[in-house]
Amino acid sequence: MTVTGLEGIEVTQSAISSIIDGTLTYRGINIDDLATYSSYEEVIFLLWNGRLPIQKELEDLKLKLVQYGTLPDPITNLLKSLPHDVHPMDKLRTTLSALSLFDTHVKDMSREANYDKALKIQSKISTIVAAIQRISEGQEILLPKSEYNFSQNFLYMLKGKEPHQTAVESLDKALILHADHELNASTFSARVTVATLADIYAGIVSAIGTLSGPLHGGANEAVMKMLEEINDIENIEPYISEALFTNKKIMGFGHRVYKTGDPRAKHLKRMSEKLTILTGQRKLYDISTRIETIIKNKKGLLPNVDFYSASVYQSLGIKKELFTPIFAISRTSGWTAHILEQYDNNRLIRPRATYVGLLRTEYIPISQR
Ligand code: COA
């Protein structure tokens with residue numbers, strides 16, 4: 001039997017994150033608790049090691065994330081040479097692929113080496129995304145500072161100044177909420193790729209490519225475009241009616257797994273309210289909540305993680321083209337956790353297709369076609 005989109009099919013065992021009765025956990029810990037009490041670095045450690053770190057382990061991880069944040073000169077030059085008008089996700093995918101060429105341990109498949117590469121990728125991806133933005137503004141590339149945490153460093157590298165504490169806390173929470181999500185499309189891509197025993201970079205490059213689509217990570221940018229197009233409360237009804245009439249999907253709504261609501265959305269909604277008020281952009285939140293009500297009433301669909309993250313990132317002064325790359329920074333912890341888990345207990349992933357094409361077709365020589 002063919003199951004299109006592999007809907008509901010369990011294709012691997014995993015002990016990393018679970019979605020059970022609408023509750024999301026990382027290593028068994030409810031994301032509500034992680035979003036409230038934890039830090040992104042702690043979540044990275046949790047995903048990779050299956051338990052929370054003790055203080056020394058956390059400090060070591062933070063230090064490594066800063067130390068590994070530099071880029072080889074050829075990568076900096078590559079970033080500067082990329083066409084200005086291509087999307088940051090495409091620049092990120094290309095740069096991650098190139099980065100593998102400068103890692104002398106790329107083909108070392110020991111667990112220790114792969115764990116260390118996961119650390120490097122996690123660190124450098126943040127520098128790269130910030131660098132993509134800085135270069136597009138004609139600014140110098142900045143590197144992480146040892147006195148800053150991961151989120152602080154990203155905002156510092158992006159903006160070139162010490163970020164506000166509220167912005168740091170908000171970004172950190174957003175990174176925690178996006179860090180892992182069971183066998184989502186990009187994580188599946190990463191696992192399929194490394195299940196051939198391709199290297200960890202190949203897995204991340206596959207994942208970035210998969211995340212970029214609007215049905216997956218690209219939805220947060222698409223939500224922002226929609227909010228900009230609507231722009232005013234009075235435009236909402238006609239915009240949504242027209243979209244639904246023409247069978248267009250409303251970005252940021254619906255989910256393959258959650259049918260009673262995405263447990264991450266409520267956190268982002270609260271953050272959106274707080275941040276849009278703080279930054280004088282309350283209209284964005286008001287438009288968003290109105291869309292939420294209309295879509296719920298007309299289609300019975302609820303917002304997913306991407307819907308309110310758009311207004312959150314917008315309030316942090318981040319350009320919409322960077323929303324999905326920031327998702328990639330966060331999801332790198334999950335991707336790498338899944339890659340390590342795949343290597344630990346590997347079997348080639350090779351499903352079948354139900355053949356529906358022509359049978360016994362005669363070969364006609366080219367001169368007779
Ligand atoms: N807007 C309007 N209608 C939607 C919708 C949306 N965002 N999401 C789902 N639907 C409708 C579909 O049109 C379909 O209706 P039909 O049965 O009348 O044809 C039905 O709901 C089922 O949708 P389907 O696309 O088959 O579900 P899926 O499980 O394949 O897709 C998503 C899940 C996430 C891809 C889908 O909800 C979507 O495209 N959402 C918008 C993009 C998005 O926000 N992606 C981020 C996900 S975290």
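Quick note: residue numbers are just sequence positions, from 1. Numbering of ligands and ligand atoms starts at 1, following listing order.
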### Query
Are any of the N or O atoms of Lys249 closer than 3.5 Å to those of ligand 1?
yes
### Task
Determine whether the side chain, the backbone, both or neither of Asp306 has a heavy atom under 4.0 Å from any heavy atom of ligand 1.
side chain
### Task
For atom 1 (N) of ligand 1, find the nearest protein heavy atom and state the residue, atom name and distance (0.1 Å precision).
Ile250 N, 2.8 Å
### Distance flag for atom 17 (O) of ligand 1, protein heavy atom under 4.0 Å
no
### Task
Consider only side-chain heavy atoms of I, L, V, M, F, W and Y, link residues closer than 4.5 Å, and tell whether Leu34 and Tyr258 are in one cluster.
yes
### Message
Test your reading of the structure: does Arg264 have an N or O sitting under 3.5 Å from an N or O of ligand 1?
### Response
no
### Task
Answer yes or no for Gly252: is there a heavy-atom contact with ligand 1 below 4.0 Å?
yes
### Task
Answer yes or no: are there more than 12 heavy-atom neighbours, outside Tyr37 itself, under 6.0 Å from its atom OH?
no
### Task
Give a yes or no on whether Arg360 atom CZ has more than 12 heavy-atom contacts from other residues, nucleotides or ligands under 6.0 Å away.
no
### Query
Taking C-beta and beyond as the side chain, do His105 and Asp116 meet within less than 4.5 Å on heavy atoms?
no
### Task
Check whether any N or O atom of Lys248, backbone or side chain, sits under 3.5 Å from an N or O atom of ligand 1, and answer yes or no.
no
### Query
Which is closest to atom 33 (C) of ligand 1 in terms of heavy atoms, Glu7, Lys259, Arg256?
Arg256
### Query
Do any nitrogen or oxygen atoms of Leu244 come within less than 3.5 Å of a nitrogen or oxygen of ligand 1?
no
### Query
Is there at least one protein heavy-atom neighbour under 4.0 Å from atom 43 (C) of ligand 1?
yes
### Task
Might you confirm whether atom CD of Glu137 has over 12 heavy atoms from other residues, nucleotides or ligands at distances under 6.0 Å?
yes
### Query
Should we count NZ of Lys298 as having more than 12 external heavy atoms under 6.0 Å?
yes
### Query
Is the Phe150 ring parallel, tilted or perpendicular to the Tyr40 ring (thresholds 30°, 60°)?
tilted
### Summary
Quick look: Leu301 vs ligand 1, heavy-atom contacts under 4.0 Å, and the answer is side chain
### Message
Under 6.0 Å from the ring centre and within 45 degrees of the ring axis: does the NZ or CZ of Lys299 meet both conditions for the six-membered ring of Phe253?
### Response
no
### Task
Consider every N or O of Val305 and every N or O of ligand 1, then say whether any pair is closer than 3.5 Å.
no
### Task
Would you check the N or O atoms of Met251, main chain and side chain alike, for any that come under 3.5 Å of an N or O of ligand 1?
no
### Message
Apply side-chain hydrogen bond (donor to acceptor under 3.5 Å, both in side chains) to residues Ser18 and Thr25 and explain how you reach the verdict.
### Response
CA-CA 5 Å; Ser18 67; Thr25 72; 2.5 Å; yes
### Query
Is it true that atom NZ of Lys248 has more than 12 heavy atoms of other residues, nucleotides or ligands lying nearer than 6.0 Å?
no
### Task
List the closest protein heavy-atom neighbour of atom 45 (N) of ligand 1: residue, atom name, distance to the nearest 0.1 Å.
Leu215 O, 3.0 Å
### Task
Taking only heavy atoms of His216 into account, list the atoms of ligand 1 that are under 4.0 Å away from them.
46 (C)
### Message
Using a 4.0 Å cutoff against the non-hydrogen atoms of Ala219, which atoms of ligand 1 qualify?
### Response
43 (C), 44 (O), 45 (N), 46 (C)
### Query
Side chain, backbone, both or neither: which part of Lys299 has a heavy atom under 4.0 Å from ligand 1?
side chain
### Summary
Closest heavy-atom approach to atom 40 (N) of ligand 1 among Tyr258, Phe307, Phe253 is made by Phe253
### Query
So does Glu10 have more than 12 non-hydrogen atoms from other groups sitting under 6.0 Å from CD?
no
#### Entry: For Leu65, the option from Asn153, Asn149, Asp60, Leu119 that meets side-chain contact (heavy atoms from CB on, under 4.5 Å)
Leu119
### Query
Mind checking whether Pro214 has a heavy atom under 4.0 Å from ligand 1?
yes
### Query
Which residue holds the protein heavy atom closest to atom 34 (C) of ligand 1, what is that atom called, and what is the gap in Å?
Gly254 O, 3.8 Å
